[in-house]
Amino acid sequence: MMQGQIIEGRGGLYTVRDAAGIDHVLRAKKKFRRQHMTPLVGDRVDFTPGEGDEHGWLEEILPRSSQCLRPPVANITLLVIVAAAAPAPDWLLIDKLLLGARMQGMRAVLVMNKCDLGEEAARQARRDYAGAELPVLCVSAGTGAGVEQLRAQMQGEIACFAGQSGVGKSTLLNALLDLHLQTGEISRIERGKHTTRHAQLIEAGGLRVMDTPGFSLLEFDQVMDPVELMDYYPEFQPYQGCCRFQPCYHGSEPGCAVIQAAREGRISPARLERYHELLEKTRQLWRERYD
Ligand code: GDP
Ligand code: ZN
């Protein structure tokens with residue numbers, strides 16, 4: 001039995017890369033279907049290699065550190081949330097992605113791309129996310145500015161890029177991977193054009209990237225008790241237990257220390273406003289959870 005990681009899955013065949021970097025084509029054992037388990041790209045697995053031209057067998061899926069619903073991929077450790085300096089970023093989408101990442105135990109960074117068009121959006125992001133423990137990188141895939149800082153953030157991680165279309169994710173990925181292009185490695189990424197139709201785990205220049213189709217919006221299972229939403233907002237933590245009512249959702253309750261902190265500018269009022277939108281959404285999903 002050997003161990004490896006699924007880097008691609010198509011038509012019931014899984015390509016698994018072993019520790020020595022050798023790829024094996026495998027079929028999943030029937031027991032997975034019985035167990036309603038689907039092997040995902042990113043899964044670490046035990047397998048029996050095939051002999052000669054025959055495919056081998058995927059025997060066991062090891063525990064996942066994270067899992068996305070759409071696209072279905074496993075074990076991403078770093079979510080690179082990409083936004084652009086112009087036109088104005090969709091901040092609510094950024095907060096949703098950040099929440100999803102944190103619910104899955106992924107680290108997250110915010111890349112403000114197209115900083116060559118202006119740095120105001122990056123400054124605003126730094127103000128808004130100062131308490132949220134979200135690193136903000138000012139990057140230009142076009143000029144290359146900040147790309148090395150992003151590369152440093154990605155060391156040792158399985159990174160996935162997410163964000164609105166048009167913000168520069170493909171351009172950024174090409175800038176990152178082209179710099180350390182090794183022969184044969186990313187033959188499927190055409191320069192400047194992204195052709196991925198299915199998820200694959202790409203390794204190039206010491207970086208590992210989960211490349212996903214459409215690849216703009218990761219979706220996670222976000223059903224949770226609304227009272228837990230605040231746990232994903234590190235900037236609220238200093239005010240834990242300081243509100244008049246307990247529990248306090250920091251929604252519209254009188255005597256709320258979080259709302260007061262936002263009024264006084266100790267918490268970003270914009271972040272709190274978007275928290276209220278996500279709180280409403282979470283309450284709705286929670287009410288509908290058995291439907
Ligand atoms: P994606 O949809 O997120 O993958 O975005 P693309 O990578 O396709 O980029 C969308 C457009 O933004 C393209 O025309 C890129 O040339 C342009 N673009 C990407 N990065 C930058 C940048 O750093 N600065 C500027 N000015 N334009 C960029
Ligand atoms: Zn409160």
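Both ligands and their constituent atoms are indexed starting at 1 by order of listing.
- No part of Leu172 comes within 4.0 Å of ligand 1, judged by heavy-atom distances.
- The pair Arg127-Glu235 does not count as a salt bridge, with every side-chain nitrogen at least 4.0 angstrom from each carboxylate oxygen.
- Defined by atom type and a distance below 3.5 Å, a donor-acceptor pair is missing between the side-chain atoms of Tyr232 and Asp95.
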Inset, instruction - Begin with the C-alpha distance, continue with both residues' side-chain angles, and end with the deciding distance and a verdict on side chain to side chain donor-acceptor pair (under 3.5 Å) for Tyr239 and Arg266. - result: CA-CA 11 Å; Tyr239 308 100; Arg266 285 176 280 127; 3.0 Å; yes
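- Remark: ligand 1 and Ser170 share an N or O pair separated by less than 3.5 Å (distance only, no angle test).
- Here Leu117 has side-chain heavy atoms under 4.0 Å from ligand 1, and that is the only part of it that gets that close.
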Inset, instruction - Go through Arg123 and Glu120 one step at a time and tell me if the salt bridge (Lys or Arg N to Asp or Glu O under 4.0 Å) criterion holds. - result: CA-CA 5 Å; Arg123 274 194 292 273; Glu120 182 45 37; 3.2 Å; yes
Inset, instruction - Starting from the C-alpha separation in whole Å, work towards a yes-or-no answer on salt bridge (Lys or Arg N to Asp or Glu O under 4.0 Å) for Arg17 and Glu8. - result: CA-CA 9 Å; Arg17 185 161 295 171; Glu8 202 169 358; over 6 Å; no
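- Contact atoms of ligand 1 toward Lys169: 1 (P), 3 (O), 4 (O), 5 (O), 7 (O) (distance under 4.0 Å to a heavy atom of the residue).
- Shown in contact with Gly142 at under 4.0 Å from a heavy atom are these atoms of ligand 1, numbered in order with element: 22 (C), 23 (O).
- Of the charged side-chain nitrogens involved, none lies within less than 4.0 Å of a carboxylate oxygen, so that Glu133 and Arg107 do not count as a salt-bridged pair.
- Judged by distance alone, with hydrogens and angles left aside, the side-chain atoms of Lys169 form a donor-acceptor pair with the main-chain N or O of Gly163 at under 3.5 Å.
- Contacts between Thr171 and ligand 1 below 4.0 angstrom, taking non-hydrogen atoms only, involve backbone and side chain alike.
- Interface of Asp116 with ligand 1, defined as ligand atoms under 4.0 Å from a residue heavy atom, comprises 22 (C), 23 (O), 24 (N), 25 (C), 26 (N).
- Shown in contact with Gly168 at under 4.0 Å from a heavy atom are these atoms of ligand 1, numbered in order with element: 1 (P), 3 (O), 5 (O), 6 (P), 7 (O), 9 (O), 19 (C).
- Contact check on Arg151 versus Glu148 returns a salt bridge, with a Lys/Arg side-chain nitrogen under 4.0 Å from an Asp/Glu carboxylate oxygen.
- Minimum-distance N/O/S atom of His250 relative to the Zn ion (ligand 2): ND1.
- Distances between N or O atoms of Val139 and those of ligand 1 include no value under 3.5 Å.
- By the 6.0 Å and 45° rule, Arg283 does not stack over the aromatic ring of Trp286.
- Considering both main-chain and side-chain atoms, Ser140 comes within under 3.5 Å of ligand 1 through a nitrogen or oxygen pair.
- In terms of polar-atom proximity, defined here as any N/O pair under 3.5 Å, Ala141 does make such a contact with ligand 1.
- Inclusion of Cys242 in the first shell of the Zn ion (ligand 2) is not supported: no N, O or S atom falls under 2.8 Å.
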